[in-house]
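Each remark here refers to the structure printed beneath this line.
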Amino acid sequence: MRIERTDIRPPKTEGISVAMMPLRSNVPDPGSRDWQLTACPHCGRECWYQTENAETLKAFQPDIKFLCTECALTVAAGGVGK
C-alpha cells in the first residue's frame, strides 16, 4: 500500500491536534540549527521549536498546537492539566 503525503496527519485528541516540542532539560543541545528555543505555551518551560518540521505540520493541520512533550502527553491522556 502506498501512502500519499496528504494522508499523513498528526494524531487528534478530543478535537485538538497536538505536536510535541522536546524539553530543553531532556535535550540540552539542539540536533539542528533549525531548532529554536521557545517556551511551552501551556507550562512555560523551555523547549525546542523545530521550525522546518513545524511548518510542514502546519501545512496539513493549520490549527495544530505545539506543546512541550510533558504537556502534550498530558493532553493526549485526556487531562488538560494546569
Side-chain angles (χ1 to χ4, degrees):
M1 178 173 121
R2 183 183 164 155
I3 298 175
E4 297 294 325
R5 187 157 182 85
T6 56
D7 294 334
I8 300 170
R9 297 278 189 263
K12 283 210 169 212
T13 305
E14 296 181 25
I16 301 169
S17 293
V18 177
M20 292 186 236
M21 298 186 293
L23 283 160
R24 185 176 190 184
S25 60
N26 292 333
V27 183
D29 297 312
S32 167
R33 289 187 204 187
D34 177 58
W35 293 23
Q36 297 175 6
L37 193 59
T38 189
C40 173
H42 190 69
C43 70
R45 288 184 286 182
E46 290 184 317
C47 49
W48 296 106
Y49 181 79
Q50 301 170 31
T51 307
E52 188 175 317
N53 290 341
E55 295 307 314
T56 301
L57 286 172
K58 285 181 187 178
F60 290 108
Q61 199 73 32
D63 63 340
I64 195 163
K65 306 293 182 226
F66 291 87
L67 302 173
C68 75
T69 305
E70 288 184 25
C71 289
L73 291 171
T74 300
V75 169
V80 178
K82 303 172 186 170

Got a second to check how far [X]'s [atom1] is from [Y]'s [atom2], nearest 0.5 Å?
X	Y	atom1	atom2	value
Asn53	Met20	CG	CE	13.0 Å
Thr69	Leu23	OG1	CG	5.0 Å
Met21	Leu67	CE	CG	6.5 Å

Counting C-beta onward and ignoring hydrogens, is there a side-chain heavy-atom pair between [X] and [Y] closer than 4.5 Å?
X	Y	value
Pro22	Gln50	yes
Leu57	Phe66	yes
Leu37	Trp48	yes
Glu70	Cys47	no

Other residues, nucleotides and ligands only: do more than 12 of their heavy atoms fall within 6.0 Å of CD on Glu52? no
Scan Glu46, His42, Arg45 and name whichever one has a side-chain contact (heavy atoms from CB on, under 4.5 Å) with Cys68.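 Filter result, single survivor: Arg45.
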